[in-house]
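Data block below; observations after.
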Amino acid sequence: MCGAPGSGKGTQRDRIVEKYHLAHLSTGDLLRQEIATGSELGKLLDSFISKGNLVPDDVIIDILAKHIDSLDADCAGVIFDGFPRNVAQAEALEKMLAERNEATSVLLDLQVEHDELITRLLNRGKVQHRSDDNIDTIKQRLVVYEEKTRPVNDFYKNINKYQAVDGMGTMEEIFERIDSILKQF
Ligand code: AP5
Ligand code: MG
């Protein structure tokens, strides 16, 4: 599940997990859990996140390697939310799965207009107090998305695993669009 900050990745992931009984792995959630422990590693991670920059790839690949084999072996599949975040991570994911005789099925790209992204994130900032939901950091997250994450779409287009999803509208409408794609799998 890919898309810009605020595109609804986490929201739709929860719905997909509930309907299809998938395991899920969200690098953003795992990083925030580490920050919440107050550890030295957490402080280092927050120094990237609160500025809107990506955490270095080696840290992320380490997290992935640690969690991928502890996912429920009987689940129908796995949904990755907010990962891969750049082409190097996409390559690492594909390699790690191939080594386990597994493969990705599809990249869902949630497409949401720029102003709507900012509105959603500022609204969430009022209630959830994430260190990156302030206007300066949101702007930087959007720049990083364009530079680093958007090219991941081409990576999956090239291997015929890309599906765009209109991410504008109600959460229910968007879920129906995703559901009609996932039914094929
Ligand atoms: P991450 O946690 O992945 O955050 P993000 O990509 O910035 O996206 P968000 O979680 O903010 O938004 P979302 O798309 O999940 O939308 P949501 O459903 O919450 O990453 C955070 C940071 O961690 C990164 O900047 C980076 O520093 C680091 N990081 C994470 N993964 C990394 C990686 N792989 N490599 C390197 N660094 C990494 O929705 C947003 C809001 O809108 C919510 O309040 C929701 O209720 C609302 N909403 C959702 N849908 C709708 C709708 N249809 N209409 C109205 N409101 C809606
Ligand atoms: Mg999220």
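We count ligands from 1, going down the list as the structure has it; atoms in each ligand are counted the same way. Numbers here simply count residues along the sequence, with the first being 1. From a predicted model like this one, the values you see are computed outputs, not experimental measurements. Reckoned from all heavy atoms, side chains included, excluding hydrogens, waters and symmetry mates.
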Looking only at protein heavy atoms, which one is nearest to [atom], and how far off is it?
atom	result
atom 4 (O) of ligand 1	Arg130 NH2, 3.2 Å
atom 47 (C) of ligand 1	Arg120 CD, 4.2 Å
atom 15 (O) of ligand 1	Gly10 N, 3.0 Å
atom 26 (C) of ligand 1	Asn53 O, 3.6 Å
atom 45 (C) of ligand 1	Thr11 OG1, 3.8 Å
atom 35 (N) of ligand 1	Gln89 NE2, 2.9 Å
atom 43 (C) of ligand 1	Arg124 CD, 3.9 Å
atom 3 (O) of ligand 1	Arg85 NH1, 2.9 Å

Exercise for the section: Could you tell me whether Lys19 atom NZ has more than 12 heavy atoms of other residues or ligands within 6.0 Å of it? Expected result: yes

Problem - Donor-acceptor pair, side chain of Arg85 and main chain of Gly82, under 3.5 angstrom - result: yes

Exercise for the section: Return yes if some donor-acceptor pair links the side-chain N/O of Thr137 with the main-chain N/O of Asp133 below 3.5 Å, else return no. Expected result: no

Could you check whether any heavy atom of [X] sits closer than 4.0 Å to an atom of ligand 1, since that is the contact criterion I want to use?
X	result
Ser7	yes
Pro84	no
Gly167	no
Arg32	yes

Could you tell me which atoms of ligand 1, counted from 1 in the order shown, lie closer than 4.0 angstrom to a heavy atom of [X]?
X	result
Gly82	31 (N), 34 (N)
Ile60	32 (C), 33 (C), 34 (N), 35 (N), 36 (C)
Ile174	53 (N)
Ala4	14 (O)
Gly169	52 (C), 53 (N), 54 (N)
Leu121	11 (O)
Thr27	30 (C), 31 (N), 32 (C), 33 (C), 34 (N)
Leu31	23 (O), 28 (C), 29 (N), 30 (C), 38 (C)

Whether [Y] and [X] form a salt bridge (side-chain N of Lys/Arg under 4.0 Å from carboxylate O of Asp/Glu) is what I want to check.
X	Y	answer
Lys51	Asp132	no
Glu18	Arg15	no
Lys139	Asp136	no

Fill in the blank from the handout: Closest to atom 7 (O) of ligand 1 (heavy atoms only, candidates Arg141, Lys9, Glu173, Met168) is Arg141

Handout entry: Option set Val55, Asp57, Asp81, Ile63, criterion heavy-atom distance to atom 37 (N) of ligand 1, minimum
Key =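 The option holding the nearest heavy atom is Val55.
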
Handout entry: Steps toward side-chain contact (heavy atoms from CB on, under 4.5 Å) verdict (Leu108, Leu182)
Key = CA-CA 9 Å; Leu108 299 175; Leu182 290 185; 4.3 Å; yes

Problem - Asp132 and ligand 1 - part of the residue with a heavy-atom distance under 4.0 Å - result: side chain

Starting from [Y], can I reach [X] by hopping between I/L/V/M/F/W/Y residues whose side chains sit under 4.5 Å apart?
X	Y	result
Leu107	Ile68	yes
Leu30	Ile79	no
Ile49	Ile138	no
Leu25	Leu45	yes

Problem - Geometric cation-pi criterion Lys157 and Tyr162, 6.0 Å radius, 45° cone - result: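 Verdict for Tyr162: a cation-pi partner in Lys157.
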
Exercise for the section: Please determine if Ile49 has a nitrogen or oxygen closer than 3.5 Å to a nitrogen or oxygen of ligand 1. Expected result: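 No, no N or O pair falls under 3.5 Å.
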
Handout entry: N/O separation below 3.5 Å, Gly6 to ligand 1
Key =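 Yes: some nitrogen or oxygen of Gly6 is under 3.5 Å from one in ligand 1.
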
Problem - Partner of Pro84 under side chain to side chain contact (heavy atoms under 4.5 Å, CB included), chosen from Glu91, Glu94, Gln89 - result: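 Of the listed residues Glu91, Glu94, Gln89, the side chain to side chain contact (heavy atoms under 4.5 Å, CB included) partner of Pro84 is Gln89.
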
